[in-house]
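This chain uses plain numbering: 1 for the first residue, then up along the sequence. Read the numbers this way: they start at 1 and go in the same order the structure lists the ligands and their atoms.
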Amino acid sequence: MPRPIQATIHTEALRANLARLRAAAGDARVWGVVKADAYGHGLERVYEAFRGVDGFALLDLAEAERVRALGWRGPVLLLEGVFDTRDLELCSRLSLWHTVHCEAQIDMLAVHKTHTPHRVFLKMNSGMNRLGFAPHAFRAAWTRLNALPQVDEITLMTHFSDADGPRGIAHQVRTFGDATRDLPGERSLSNSAAALRFADDLAVRADWIRPGIALYGSAPDHPAHDAAHWGLAPTMTLASRLVGVQQLAAGDTVGYGSSYTAPAAMRIGIVACGYADGYPRHAPTGTPVLVDGQRTRTIGRVSMDMIAVDISQLPEAGFGTEVTLWGRASRGTVLPVDEVAHAAGTVSYELLCALAPRVPVVAD
Ligand SMILES: Cc1ncc(COP(=O)(O)O)c(C=O)c1O
């Protein structure tokens, strides 16, 4: 028998979340953001459920090739554009649309030999200060690109730094709007948080939205709201079983570093899941977990292959009992990955993407 750990990808939930985002998009088209191997879910596993998108947005050329190999003939967008002149040959061959965020990428396009001009997304740095042309340099970049025979349509794009938080997006929407006012072309601004939180704002919705995390069932603005608030369903369950039970007396300690000391007699279960499976090592004592569908907490330090959980209130629990690290338990109870991430001081993006290759994955 293999170790009992397993991840399950919930195909119906992927489909339902896409429908939810499509409803929020109104008339705008929807990129399904599938970078990082579909946020850890596996491109090939999400593909059928996401066939209703208007295009797939991703980062790696290898992932773009995989999407084409699956038979997708619609738009594929490279969110960071090309990294090297040779990448443009693949863009031509696979009809990939690509982001242009710096002069070096325009230089590469200018010397690229192609029979079919490329669709590009010209990116503005409207305040995130990661990628993109500064607002004052944007028009010149557009003019240069527009003059190239290698370039077909130019879509104007930007990315929000605070769509999920109190600072919001107004300052970036203003900067973007001011610098693009009389430029032609479609627009794309919104990630999941903007698409859901500002669904009624047509300027924010624009022509294309680019949701990622919401498609995978997480609330983009957790803990202000949870996934249920946005009508999103969990798309990944990480489940395992108890492989050991210990009876502790008051004063006994648990795990490496003896970081937890039992205040009284208690019963703990040992779960076949550790940081080598992708569970966050920094998840502290008290991180929520479901044992037999019932909520309890982790105890002590997460080790490479095991976690301890409190089963003092679960007398039926023993060797082989189901443990849900996040997602949906067999009994139907849900432990949102957002809650586990929050307890561990991170975001669900990181947990989903970090699912380790050694964990067997099935799709239901
Ligand atoms: C340019 C761009 N657009 C859209 C997204 C999707 O963001 P989210 O997963 O928050 O919806 C990302 C993700 O980081 C991104 O980099």
Side-chain angles (χ1 to χ4, degrees), residues 14 17-18 20-25 28-41 43 46 50 53-60 63-64 75-83 96-102 105 120-133 155-165 167-169 172-173 176 186-199 204-225 227 230-232 234-236 336-338 341 346-354:
L14 291 164
N17 294 340
L18 173 57
R20 174 69 185 88
L21 268 302
R22 187 157 294 286
R29 276 155 290 158
V30 179
W31 288 111
V33 179
V34 291
K35 62 193 176 119
D37 205 14
Y39 288 47
H41 290 61
L43 257 175
V46 305
F50 284 174
V53 296
D54 296 296
F56 287 100
L58 39 74
L59 233 70
D60 283 350
E63 287 183 342
V76 174
L77 173 65
L78 300 177
L79 284 167
E80 290 184 12
V82 296
F83 304 100
L96 307 180
W97 302 7
H98 48 101
T99 299
V100 172
H101 62 75
C102 62
Q105 290 179 327
V120 298
F121 274 49
L122 181 61
K123 185 164 186 174
M124 183 191 296
N125 169 18
S126 59
M128 173 109 169
N129 287 316
R130 202 170 57 173
L131 296 181
F133 289 90
T155 299
L156 316 181
M157 124 191 232
T158 197
H159 190 53
F160 297 128
S161 58
D162 290 79
D164 56 334
R167 190 173 181 210
I169 61 171
Q172 286 186 263
V173 172
F176 182 75
E186 295 186 334
R187 270 89 170 138
S188 176
L189 293 84
S190 294
N191 57 0
S192 298
L196 291 171
R197 292 182 72 200
F198 308 100
V204 174
R205 206 195 257 180
D207 300 293
W208 292 88
I209 63 167
R210 307 187 306 271
I213 196 68
L215 292 174
Y216 305 99
S218 283
D221 59 348
H222 184 87
H225 296 107
W230 293 116
L232 301 167
T235 58
M236 182 195 287
V337 63
D338 289 326
T346 183
V347 287
S348 59
Y349 299 71
E350 188 181 358
L351 300 196
L352 299 174
C353 291

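For ligand 1, one of its N or O atoms has an N or O atom of Gly212 under 3.5 Å away.
Of all the heavy atoms of Arg210, the ones lying under 4.0 Å from any atom of ligand 1 are found in both the backbone and the side chain.
Residues Tyr216 and Asn17 have side chains not in contact (no heavy-atom distance under 4.5 Å, counting atoms from C-beta outward). For the pair His41/Leu352, a side-chain contact is recorded, criterion being any heavy-atom separation below 4.5 Å from C-beta on. Using a 4.5 Å heavy-atom threshold, the side chains of Tyr39 and Val33 count as touching.
The two residues Phe133 and Cys102 have their closest heavy-atom pair at CZ-C, 3.3 Å.
Taking CG of Leu59 as the reference point, atom CG of Leu78 lies at 8.0 Å (rounded to 0.5 Å). Separation of atoms OG1 (Thr99) and CE (Met157) is listed at 4.0 Å; rounding is to 0.5 Å. Interatomic distance, CG of Leu351 versus CG of Asp338, reported as 9.0 Å (0.5 Å rounding).
Residue, atom and distance of the protein heavy atom nearest to atom 2 (C) of ligand 1 are His159 CE1, 3.4 Å. Scanning the protein for heavy atoms near atom 7 (O) of ligand 1, the closest one is Asn191 CB, 3.5 Å. Nearest non-hydrogen protein atom to atom 16 (O) of ligand 1 is Arg130 NH2, 3.5 Å. Here the protein heavy atom with the shortest distance to atom 11 (O) of ligand 1 is Ser192 OG, 2.5 Å. Tyr349 OH, 2.6 Å is the protein heavy atom nearest to atom 10 (O) of ligand 1.
The closest non-hydrogen atom to atom 9 (O) of ligand 1, taken over Tyr39, Tyr216, Phe160, Phe121, comes from Tyr39.
Heavy atoms of Lys35 come nearer than 4.0 angstrom to ligand 1 in at least one pair. Within the 4.0 Å heavy-atom cutoff, Trp31 does not count among the residues contacting ligand 1.
Using bins of under 30°, 30° to 60° and over 60° for the plane-to-plane angle, the ring pair Trp208/Trp31 lands in the parallel bin.
Taking every heavy atom of Pro211 and a limit of under 4.0 angstrom, the matching atoms of ligand 1 come to 11 (O).
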